[in-house]
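Here is how names work: the chains are called A, B, and so on, in the same order as the sequence lines, proteins then strands, and each is numbered from 1. All values reported here derive from a predicted model rather than from experimental measurement.
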2 protein chains.
Amino acid sequence: MMFEALRKYINQYTSSEISEGAFDTVSKSFTPKHLLKRQFLLQAGDVCKYTAFIVKGAMRQYSLVNGVENIVYFGIENWWMSDRESFTMLTPSQFNIDALEDCDLLLITHDKVQLLKESVPQWNKMAAQMDHRHSIAMQKRIHDAISLTAEDRFLNLIKSNPEFMQRFPQNMIASYLGITPESLSRIRKKLAKK
Amino acid sequence: MMFEALRKYINQYTSSEISEGAFDTVSKSFTPKHLLKRQFLLQAGDVCKYTAFIVKGAMRQYSLVNGVENIVYFGIENWWMSDRESFTMLTPSQFNIDALEDCDLLLITHDKVQLLKESVPQWNKMAAQMDHRHSIAMQKRIHDAISLTAEDRFLNLIKSNPEFMQRFPQNMIASYLGITPESLSRIRKKLAKK
DNA sequence: CAAAACACTTAACAAATGTCAATTCTCCTT
DNA sequence: AAGGAGAATTGACATTTGTTAAGTGTTTTG
């Protein structure tokens, strides 16, 4: 059952198991959604109405500038996807979010997130931890981007998210690293020699 | 008075003015600290015990790898400085934070931050907004880093933080942009011609 | 199944950035 | 005010990365 993945996830972030009543409130706040590969959760110019919890599948968030895709995030099972800026400020997004595989998602609106924060302490705690982890991950990524070579960023990605290598095509990995597919191909060739 | 800067800051982020009683609780949680230029708030290897509110002065957060400084953040008046990961997880930091000018700071520990979140609703609201703005700023920076040339990142920085140009030496601006001082010098020369 | 679309690699060349060294300039300290 | 340290610039050269184009292999889809 789709909601069970969410229950597990919430319990991971809280010391005690969430009560049936509280989880009921939580699960009622979400809408299940199936997304086929290449379908969009968000298109640039629209407001990001939903944050998605990925029960199954994989997604990406990217901008499109002069016909070039720049992938900012990947998301897989048990990750959240949304453009936070657009989602909370209700401003038009500059990003697209689409499915890289068929996805089972649980969608929630900003209003419902706020309500849950006020009414379900365990949800509030989880949301805070989520935000915090997200901050840390982004700080690491900024540090990598300004201080490492493309080769080292690639090696770091293999270490931190090895599953990405199996799951996403190399041109997307390259985009995520901020380089061209040709550069990544050369880097891989060079690394293979060692 | 140092605390007045903090009061103004909090009021910016909340619809109503913070009460005297609540502000008293807040201000009691901070310790004033004067830091001379080049003094450290945090040294790599230590746990980041304090988050600093900068009343006056300027600071930077940076890593030191093979003798090369990589500046992750600058901070000026009314900004917060800390290594969030180390501060909340109480793990040793890989970053240094030091003063680029003589600074007037207000320091707070993690414990006190938690207490304020629970006891002062206005503080809690402000903290949430702070985290959120920080997230957005970091997302922009990641997007810039992976999708823009050094020249465009520099132009963006001039637009978004023109005060940095007057205030920080170019070798530090270069480090913040993830390039060498020589590269920045050449980029500036090229831009001057236009 | 066949055609088309896409992903990956390779090569040649261009452009951007890094490295090293020398020079000048500015600012700080004594 | 003089000397010295650090900051910025410049030039020559190396390295990395981007660009373009071609070729091969794989996947998708009608």
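You can see that DNA chain C meets the heavy atoms of chain A within a 4.0 Å-exclusive cut from C:dA7 to C:dA12, reading 5' to 3'.
Scanning for side-chain hydrogen bond (donor to acceptor under 3.5 Å, both in side chains) contacts around A:Ser93 gives A:Asp83, with sequence neighbours left out. Under the side-chain hydrogen bond (donor to acceptor under 3.5 Å, both in side chains) criterion, A:Glu17 pairs with no residue at all, not counting sequence neighbours.
Nucleic acid contact class of B:Pro169 (heavy atoms, under 4.0 Å, all strands): sugar-phosphate only. Note on B:Arg186: a base of the nucleic acid sits closer than 4.0 angstrom, heavy atoms only.
Residue-to-nucleotide proximity on DNA chain D shows that, of B:Arg188 and A:Thr149, the 5′-proximal contact is made by B:Arg188. Place B:Ser183 and A:Met172 on DNA chain C by their nearest nucleotides, and A:Met172 ends up nearer the 5' end.
One can place CD of B:Gln170 at 14 Å from C1' of D:dG6, the figure rounded to the nearest angstrom. Nucleotide D:dA5 holds its P atom 18 Å from the CG atom of B:Asn171, rounded to whole Å. The interatomic distance linking A:Arg153 (CZ) with D:dT17 (C1') rounds to 10 Å, in whole Å. Residue B:Ile173 contributes atom CD1, which lies 13 Å from atom P of D:dA7 at whole-angstrom precision.
The shortest distance between side-chain heavy atoms of A:Met81 and A:Leu105 does not fall below 4.5 Å. Put simply, the side chain of B:Met89 reaches to within 4.5 Å of the side chain of A:His132, judged on heavy atoms. Using a 4.5 Å cut-off on side-chain heavy atoms (C-beta onward), A:Leu107 and A:Leu41 make contact. The side-chain heavy atoms of A:Ile18 and A:Asn11, taken from C-beta on, include a pair separated by under 4.5 Å. In this structure the side chain of B:Phe164 never reaches within 4.5 angstrom of the side chain of B:Met172, judged on heavy atoms.
Rounded to 10°, the helix from C:dC1-D:dG30 to C:dT30-D:dA1 has 50° between the axis fitted to its first five pairs and the one fitted to its last five.
Remark: the B:Gln139 side chain and the B:His143 side chain contain no N/O donor-acceptor pair separated by less than 3.5 Å.
Within the structure, the salt bridge (Lys or Arg N to Asp or Glu O under 4.0 Å) test picks out the following pairs touching residues 26-52 of chain A (sequence neighbours left out): A:Asp24-A:Lys28.
The residues A:Arg186 and A:Glu151 are annotated as not salt-bridged, no charged nitrogen and carboxylate oxygen being separated by less than 4.0 angstrom.
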Are any protein N/O atoms closer than 3.5 Å to N/O atoms in nucleotides 21-30 of chain D? If there are, list each pair with its distance.
none

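Residue B:Trp80 is tested with B:Tyr50, B:Phe53, B:Phe87 for a ring pair (Phe, Tyr, Trp, His ring centres under 6.0 Å); the sole match is B:Phe53.
Among the nucleotides D:dT17, D:dT16, D:dG18, the one closest to any side-chain atom of A:Lys190 is D:dT16.
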